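Okay, structure first, notes after.
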Amino acid sequence: SSFIKKEALEKDALNRYYSHAPRIRLSAEQIRDQALSICGVISNKMYGPSVMPFQPEGIWASPYDGRKWVQSIGEEQYRRGLYTYWKRSSPYPSMINFDGGAREVCMSRRIKTNTPLQALTLLNDSTYWDLSVKFAQRLMKKKNSDLPAQIREGYALATGHEISESKLNVLKTLYTETLSKLNTGDKDLKKILSDSSANKKSASLASLAVVTNTILNLDEVITKN
């Protein structure tokens with residue numbers, strides 16, 4: 001744990017006895033695998049050929065051949081990051097944004113960075129939007145139409161502890177404002193649910209997906225404390 005008591009700090013200021021650990025962001029593969037698990041869709045299938053999960057169009061524009069990224073279907077697209085197809089000249093973009101190795105050269109270790117691209121990946125990448133919808137569906141199935149219970153459950157699944165009332169109120173407000181904008185036509189429902197096979201007419205699902213997307217982007221979800 002990165003939490004250190006005053007007594008331990010006095011006795012072990014240089015951390016020679018490993019009385020505490022640094023706060024570090026999870027690795028590129030761990031962030032995606034964790035999101036798959038939280039949303040309840042991770043495939044535990046072992047071995048076999050690489051798979052091609054969601055990836056934006058045009059990433060594989062290659063002068064060498066005419067091959068294209070053919071998105072895997074069903075369970076295959078939700079396999080762990082270990083099985084994601086990797087092309088050296090065009091590595092999987094969301095993993096690169098989280099400091100995954102490009103594999104042109106050997107790496108003795110990965111340098112952890114903190115850039116706006118990482119937040120933008122979790123908030124906008126098609127992979128995470130699809131997972132946000134799956135996460136919302138999971139919560140709606142478990143807690144029916146009880147919004148506070150849905151948010152509490154989602155936060156606990158993602159962080160491992162209960163949400164505070166102040167954070168709960170923020171997420172409830174986010175849901176309400178999103179639902180209002182969808183109902184008045186200020187936001188396009190199809191864009192929020194476009195990467196999912198979910199019901200395209202469900203404004204409540206789309207609003208909850210915005211909330212679950214926010215939860216998946218929280219610092220306490222992608223950081224080991």
Side-chain angles (χ1 to χ4, degrees), residues 31-44 51-57 69-80 93-94 118-222:
I31 288 175
R32 181 174 177 274
D33 290 357
Q34 177 183 252
L36 291 171
S37 181
I38 292 170
C39 300
V41 297
I42 191 169
S43 167
N44 291 315
V51 296
M52 296 182 176
F54 280 113
Q55 178 171 277
E57 288 289 337
W69 183 273
V70 181
Q71 185 177 313
S72 301
I73 59 174
E75 178 187 13
E76 297 295 301
Q77 63 185 302
Y78 300 116
R79 297 191 70 184
R80 290 176 295 141
S94 65
Q118 293 161 0
L120 289 171
T121 296
L122 294 178
L123 287 170
N124 297 293
D125 188 274
S126 53
T127 294
Y128 292 98
W129 263 114
D130 173 68
L131 291 178
S132 297
V133 174
K134 295 292 193 302
F135 195 7
Q137 288 176 309
R138 181 182 187 185
L139 298 179
M140 292 176 81
K141 185 176 181 180
K142 292 187 70 173
K143 298 299 180 180
N144 297 319
S145 58
D146 187 342
L147 178 62
Q150 291 170 349
I151 296 176
R152 290 181 189 279
E153 177 74 9
Y155 188 87
L157 285 170
T159 66
H161 56 83
E162 294 183 4
I163 190 171
S164 66
E165 286 300 315
S166 60
K167 290 182 180 179
L168 175 64
N169 290 332
V170 169
L171 293 177
K172 284 167 60 178
T173 300
L174 175 62
Y175 175 92
T176 303
E177 290 179 351
T178 304
L179 185 63
S180 176
K181 290 178 180 179
L182 288 170
N183 287 333
T184 57
D186 289 344
K187 283 190 174 293
D188 189 345
L189 179 62
K190 291 182 179 179
K191 288 183 178 180
I192 295 179
L193 300 176
S194 60
D195 289 330
S196 172
S197 59
N199 184 353
K200 302 293 192 297
K201 297 180 180 179
S202 177
S204 57
L205 173 61
S207 301
L208 188 57
V210 171
V211 173
T212 54
N213 179 257
T214 303
I215 291 174
L216 291 176
N217 193 54
L218 292 174
D219 181 68
E220 56 200 301
V221 174
I222 65 171

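All figures in this text were calculated on a predicted structure; none of them were measured in a lab. Heads up: numbering here begins at 1 and tracks the sequence.
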Sub-3.5 Å donor-acceptor pair from the side chain of Ser72 to the main-chain atoms of Pro53, do we have one?
no
Euclidean distance, Lys143 NZ relative to Arg152 CZ, rounded to 0.5 Å
10.5 Å
What's the separation between atom CD in Gln34 and atom OG in Ser37, rounded to the nearest 0.5 Å?
7.5 Å
A side-chain contact here means heavy atoms from C-beta on lying under 4.5 Å apart; do Ile38 and Ile215 qualify?
no
Sub-3.5 Å donor-acceptor pair from the side chain of Thr173 to the main-chain atoms of Asn169, do we have one?
yes
Over all heavy atoms of both residues, which pair between Tyr155 and Glu162 is shortest? Give the atoms and the distance, please.
CE2-O, 3.7 Å
Enter the distance from Arg138:CZ to Leu208:CG here, rounded to the nearest 0.5 Å.
13.0 Å
Closest non-hydrogen atoms of Gln150 and Ser145, given as atom of the first, atom of the second and distance, are NE2-CA, 3.9 Å
Heavy-atom closest contact (Ala209 atom, Ser132 atom, distance)
O-CB, 3.6 Å
Gap between atom CG of Leu168 and atom CD1 of Ile163 - 0.5 Å precision
5.0 Å
Contact check, side chains of Ile42 and Arg80, non-hydrogen atoms, under 4.5 Å
yes
In Å, rounded to the nearest 0.5 Å, how long is the span from CG of Asn217 to CD of Gln118?
10.0 Å
Between Cys39 and Phe135, the two heavy atoms sitting closest are SG-CB, 3.5 Å
Side chains of Tyr175 and Ser204: closer than 4.5 Å at any heavy-atom pair?
yes
Hey, does Leu139 have a side-chain heavy atom less than 4.5 Å from the side chain of Leu157?
yes
Polar side-chain atom of Trp129 near backbone of Leu123 as donor-acceptor pair, under 3.5 Å:
yes
Considering non-hydrogen atoms only, spot the tightest contact between Ser94 and Thr121 and give its length.
CB-CG2, 3.7 Å
Any donor-acceptor pair under 3.5 Å linking the side chain of Gln77 with the backbone of Val51?
no
Show the numbers, then the answer: is there a side chain to side chain contact (heavy atoms under 4.5 Å, CB included) between Phe54 and Leu131?
CA-CA 11 Å; Phe54 280 113; Leu131 291 178; over 6 Å; no
Within-4.5 Å side-chain heavy-atom neighbours: Leu216 and Leu122:
no
Donor-acceptor pair between Ser43 and Glu75 side chains, under 3.5 angstrom
yes
Looking at Ser202 and Leu193, what are the two nearest heavy atoms and their distance?
O-CD1, 3.9 Å
Using the side-chain hydrogen bond (donor to acceptor under 3.5 Å, both in side chains) definition, which of the options Asp130, Thr127, Asp33 pairs with Tyr78?
Asp130
Could you measure the distance from the NZ atom of Lys167 to the CD1 atom of Ile151? Nearest 0.5 Å is fine.
13.5 Å
